[in-house]
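Comments concern the structure below.
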Number of protein chains: 2
Amino acid sequence: MSKQEFDVKHKIIVSAKKLFSELGYDGTSVRKICDEAGVSLPLVSYHFGGKENVFLAILEQLSKLPYFPETGDPKLDLQNYLEVYISFYRQERELSQIIRQELAMNSARSDKIISFIQATTDKLKGILENGRDKGVFKFESTSNNVRFILGCLTMTFSKSEVLEILIGQTDSSNYPIEKEVFDFIYKAIRS
Amino acid sequence: MSKQEFDVKHKIIVSAKKLFSELGYDGTSVRKICDEAGVSLPLVSYHFGGKENVFLAILEQLSKLPYFPETGDPKLDLQNYLEVYISFYRQERELSQIIRQELAMNSARSDKIISFIQATTDKLKGILENGRDKGVFKFESTSNNVRFILGCLTMTFSKSEVLEILIGQTDSSNYPIEKEVFDFIYKAIRS
DNA sequence: GTCTATACAGGGATAGAC
DNA sequence: GTCTATCCCTGTATAGAC
């Protein structure tokens, strides 16, 4: 792949990612992507073979989801888990927005997303169950609590202006939301 | 409005609601709505003046959001709040799914949704702040904690098959999720 | 009030020149 | 490898018959 070819593919990816996150998959046309990227329409088909594949190429970035070793200490593992993944998604605002949209839509593309994030979710499940076995955590249903935690995290990443109108700006800027979401979750599940 | 006219409008609304919740606004065409409803294409324009207005007519059902009196007791008010609104959204699965999608999309239609649910969110905010003032609840930022709670609730209502694949089925069916989400939230914010 | 037929804009993908 | 021009499909909305 030549330097120039790389540039075009890269420009398309960057523009598509921006537009998908703002307008959703259906709301983003190939024409808009190409206008944003400053390239002509057929280049999407030429380089990627269609809109769908541009989307999949963006999802590939999920394979860079960070890994961290587990210590076996439930509180510490939970803390690490939240820290690592929150910082990943905070750096990847557009990507997290796209995932949020697609999962909310139950779209056909969701299956692909799941295959990327399944391991992450399973890890959280493992941490919760380990904590419960050791008597550090206390809750009824693991999968329900995974749901709740993912719900909290989703809201934490979300860059939605709509939510800011609805809920209001964060009021204590000196206390970071990363810390507060851990407080919330840890208190919620500890014994 | 004649009986027959009511029936057609009603059929369109019911079909549109189902399809919007499954396919999203952009993914739902007027043709699909009419096929589902068993009526001809122009009737949407005739009765509603367009697809957008069908959507708004569905949102009108949000004005039936239940009201409940506040007692001033933070724990009780929180419990009532969660109970009332969870049961509303559990009865209105399709509607809650639509709201979830639209808010995730930051769509142009979100403003309308906000105007319906703003009061509900403000009420939750009030309950949290009252609880903190009385020393029953303990947290840093009200708006952050409203975010977390709404995140938990969103995941609780969500009928997404995708999430079931990702997280797994609820494992303890005898302990209702309505009860568990209260446990989770209450533990998270109490002193 | 409801239908069939159609207009017209916009979608994705491609043919063919360069 | 990249462009212009175009194809064909599907989207919404409407004209006009009944």
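In what follows, chains carry the letters A, B, and so on, assigned in the order in which the sequence lines appear, proteins first and then strands, with residues in each chain numbered from 1. The model shown is predicted, which means the values in this text are computed figures rather than measured ones.
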Ring geometry between B:Y186 and B:F182 (parallel below 30°, tilted from 30 to 60°, perpendicular above 60°) | parallel
Nucleotide by nucleotide, nucleotides 11-18 of chain D touches protein heavy atoms under 4.0 Å in the pattern (B base, S sugar-phosphate only, - none) BBBBB---
What pairs of residues pass the salt bridge (Lys or Arg N to Asp or Glu O under 4.0 Å) test when at least one of them lies in residues 71-87 of chain B, not counting sequence neighbours?
-> none
A:K11 atom NZ is separated from D:dT2 atom C1', nearest whole Å, by 11 Å
Residues in ring pair (Phe, Tyr, Trp, His ring centres under 6.0 Å) with A:F184, at least two apart?
-> B:F148
Measure from NZ on B:K9 to P on C:dT2 and round the result to the nearest Å.
-> 11 Å
In whole angstrom, what separates A:L23's CG from C:dG10's C1'?
-> 15 Å
Quick one: which residue pairs count as a ring pair (Phe, Tyr, Trp, His ring centres under 6.0 Å) with a foot in residues 117-141 of chain B, not counting sequence neighbours?
-> none
When rounded to whole Å, the NE2 to C1' distance for the pair B:H47 and C:dC3 reads 12 Å
Which residue pairs pass the side chain to side chain donor-acceptor pair (under 3.5 Å) test with at least one member in residues 101-115 of chain B, sequence neighbours excluded?
-> A:S160-B:N106, B:E102-B:S107, B:E102-B:R109, B:S107-B:S110
Please collect all side chain to side chain donor-acceptor pair (under 3.5 Å) contacts where either partner lies in residues 124-139 of chain B, sequence neighbours excluded, each pair once.
-> B:E129-B:T142, B:R132-B:T142
